[in-house]
Every structure is written in C-alpha cells, then in structure tokens.
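Remember, it's 1-based here, ligands and their atoms both numbered in the order they're listed.
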Amino acid sequence: MSVRRAIHDLETSRIADIVALGFGDPDVIALWYGEGDVPTPGFIGEVAAAAMRAGETFYTYKAGLPELRHALADYLSGLYTRPVAMERIVVTSAGIGALMLMAQALIDPGDNLVIVAPIWPNIAAVVSIMGGEPRLVSLDPVPGGGWRLDIDKLIPACDGRTKGIFVNSPANPTGWTASADEIAALTDFARRRGVWIVADEVYHRIVYGDRVAPSFLAPGEPEDRLIVVNSFSKSWAMTGWRLGWMVIPPDLLPTIEKLIEFNTSGSPTFLQRAGIAAIREGEPFVQSFVARCRDAREAAIGALQSCRRVEVAKPDGAFYAFLRVDGVSDSLAFAKELLAKTKVGLAPGSAFGPMGEGYLRLCFAREPAAIAAAVERLRPMLA
Ligand SMILES: Cc1ncc(COP(=O)(O)O)c(C=O)c1O
C-alpha cells in the first residue's frame, strides 16, 4: 500500500505491545496506561446527558464554546499569578488533539522540535507525522532515583531548523516537575533564540507539594511564542471524553481555527457543557483524586524501594513510578516476562526514548491497596 513514508515509518507504541499481550485478561493488574480507575464524577456526566437531550447536537464554534473558554480563562487566572485572556484559549480534542494542532501549525518537513525526555512517545510521533525531527534531550538521572534538568544541554541541541523546545511538566513518565526558576530560565532561553516553547501541562494538578505545578503561563507574555497544552483527561478523570484545551498567542488563533476546521470542526457541544461543569464545580473531585494518588504514591514507592534491584524516587508530580531495575537491558522483554509470570502489566521504559531503557513505568492512580498488592506480585522478580 502506498502511504506517506513518515506514516509508514511510525513505530507502534511499545506500551501497546504489552497491552496486546494482556488486555482483557481478568487476572491482570493493568498499570500500563496513564489513567486512574475512577470513572468521571457523575455530576459531569449528567450535564453532558442533559445537553444532549436538550438538542445541543449541532456544529459549533471552531475554537470552543465562549462559555467554556471563559470558564477556562477564569480557572487559569485564579490558579496562576497573571490573568489569561479568553482570546488565548482554544478548546481541543483532548491533549493529543492540541499536540497534533501544534505540530500542524509549527512543523515544516525538516524542522526539529527539541524535546526534554524521557517523554510520552506520542509527542515525538506528532512531529514525525509532519515530516519533522523529534530531537530528544535527556534529563540527567540522579543517583538513587529522580531526574534533573541541565538547561546547558539544550543549547547544543538547537540549530537553525529548531522550531521550539518541548517541555512536559509534571512529566510522564518520570514525574520530574520543573521549578519556577527553571521555567523562567527556559522562557528566557527560548526568547533569546527566537524559538517556541511548547509546554505540556496535562498533569498540572497532579502534584504533591502544592495545589498546582509551576506553569509556563506565569512568566509568559501573551505575545511570547508559547503554546500550553492541557486536558480534562487526568485531573477530572475524563480520559475517554477527548476534551482539552491549549493556550496560544492571540496571533495564532486564526491559524489554529483554520486547522480545527479540517481536523474536527470543533469539539462536541454537549461535551463542552460538561467541561464547564468540571471546571466550575470539579475542585473537590480534583483534590480528593490527588489525595488518593498521594496515598498510592506512598504505597508504591515504599514497597518498590524495599525491592533490592529497584532504584526509584518519589515523583513530585504525575502518577507514575519510573523505576530502574538493576540488570535489565531490554525493558520490553522484561515487561513481557513480568506480565507472563506475575500478571502485572507495566510499560517498558524504552517506550519513552532510549534514555528510558532499563526502566519500567507503573501507573499508581489506583486504590493504594491495589498498588500494594501489585508490588507484592512483582516482588519475587525485583528482589
Ligand atoms: C504528557 C502527556 N501529554 C498529553 C497526554 C494526552 O492526554 P489526552 O489526549 O487524554 O488529553 C498524555 C496522556 O497520557 C500525556 O501523558
């Protein structure tokens, strides 16, 4: 079949390789995907159902319902120190939809995006789809576990074809969370180089030391070349809804609206109504979900650290333990072996770039007892 080379060459996700082996097996504890086990809060679903029954089923605004954009502007302006205008906000088909729009808007064939890694593989994929080069620059592993950013490593990674720098904080899979100082330094660096910052902040609320993670929206001026991607998926337990948003410079709005026309022609109205409810009334849910993740993090990291071959640190954000296992040089093969022998499904570290080899990712957004049970099953293979 004759398809574009860039699409033909896309690798299928190594996470999917593991899922394919265990999906649907009732005995498997599946910790391979980045989502929790709690369904969307009922009050959010009720709003969507009511809007649908009320006939909100027509074509709509490309950039999103003004009411939802207003709600998001209020929400972000309340979270951070500086206001975010509604004109900068575009509703998207979840985080991945926003990332694809970003790549379509910015990446010409031959351009590159410098990506702080290890990183969720779909980010490299959207760049590759456009014929660009995802250029992964590794965080530095800290002895004993954890990761640190060395901004100086980004300088030699950028060249004349660099369109921007991609930073996911809090990060999937490492949990690394950029400090306000690091964000200010990255913003400064991007301004001096005249490149974009693309900030993926889908885990902005899944943090354990504060109410929200430091954001690129804080130092960012509206006219900066800054795109901040966010989503309802993680903080409001809405992974299946495919609803998200991006914050962009006002000048980019016509371009993004043009692209939305040809991608989705806008997000479904009844889902957006539910998004307004999530944003305006979802705070207690977000806080209880994060509290549960915090307990599960304690259970996961405590149990994993007691396994002799494991090196892992408590992540500051997101809901993953990214563990290095001594003696593992093929994490995909090891994840397959773990699934076969223990019936626990983990994501292989190599899915997140070559610097992830030797690691495994465990999603702990579960009942803490379920996480403890999973680690007990894994223990004989990790001890
Ligand atoms: C870093 C990161 N960005 C974006 C997404 C996209 O999430 P969604 O498309 O469900 O909003 C994910 C999902 O796992 C993620 O981990």
Self-check item: Ligand-side contact atoms (ligand 1) for residue partner Ala94, heavy atom cut-off under 4.0 Å
Solution: 8 (P), 9 (O), 11 (O)

Exercise. List every atom of ligand 1 that sits less than 4.0 Å from any heavy atom of Ile96, numbering the atoms from 1 in the order shown and giving each element.
Key: 6 (C), 9 (O)

Exercise. Looking only at protein heavy atoms, identify the closest one to atom 7 (O) of ligand 1 and say how far it is in Å.
Key: Lys234 CE, 4.2 Å

Quiz item: Any idea which atoms of ligand 1 are less than 4.0 Å away from a heavy-atom of Ser231?
Solution: 8 (P), 11 (O)

Practice problem: Could you name the option among Thr239, Asn172, Ile123, Asp200 that has the heavy atom nearest to atom 2 (C) of ligand 1? | Solution: Asp200

Quiz prompt | Ring centroid separation Tyr75 to Trp236 under 6.0 Å | solution = yes

Quiz item: Which atoms of ligand 1 sit under 4.0 Å from any heavy atom of Arg242?
Solution: 8 (P), 9 (O), 10 (O)

Quiz item: Is Arg191 close to Glu221 at the side-chain level, that is, under 4.5 Å between some pair of heavy atoms?
Solution: yes

Quiz item: If we only count heavy atoms from C-beta on, is the Leu346 to Trp32 side-chain gap below 4.5 Å?
Solution: no

Self-check item: Quiz item: cation-pi between Arg297 and Phe319, 6.0 Å / 45°
Solution: no

Exercise. Give the residue and atom name of whichever protein heavy atom lies nearest to atom 10 (O) of ligand 1, and the separation in Å to one decimal.
Key: Ser233 OG, 2.6 Å

Exercise. Please could you name the atoms of ligand 1 that Asn168 approaches to less than 4.0 Å, counting only its heavy atoms?
Key: 1 (C)

Quiz item: Heavy-atom distance under 4.5 Å between the side chains of Cys363 and Tyr33, does that happen here?
Solution: no

Quiz item: Would you say Ile18 and Leu332 make side-chain contact, with heavy atoms under 4.5 Å?
Solution: yes

Practice problem: Number the atoms of ligand 1 from 1 as they appear, then name those within less than 4.0 Å of a heavy atom of Tyr203, with their elements. | Solution: 1 (C), 14 (O), 15 (C), 16 (O)

Quiz item: Considering only heavy atoms from C-beta outward, does the side chain of Glu67 approach that of Arg273 to under 4.5 Å?
Solution: yes

Quiz item: Identify the closest protein heavy atom to atom 6 (C) of ligand 1: which residue and atom is it, and at what distance?
Solution: Trp120 CH2, 3.5 Å

Self-check item: Qualifying residue, where the test is ring pair (Phe, Tyr, Trp, His ring centres under 6.0 Å) with Tyr320 and the options are Phe352, Trp176, Tyr203
Solution: Tyr203

Practice problem: Return yes when Gly95 approaches ligand 1 closer than 4.0 angstrom through a heavy atom, no otherwise. | Solution: yes

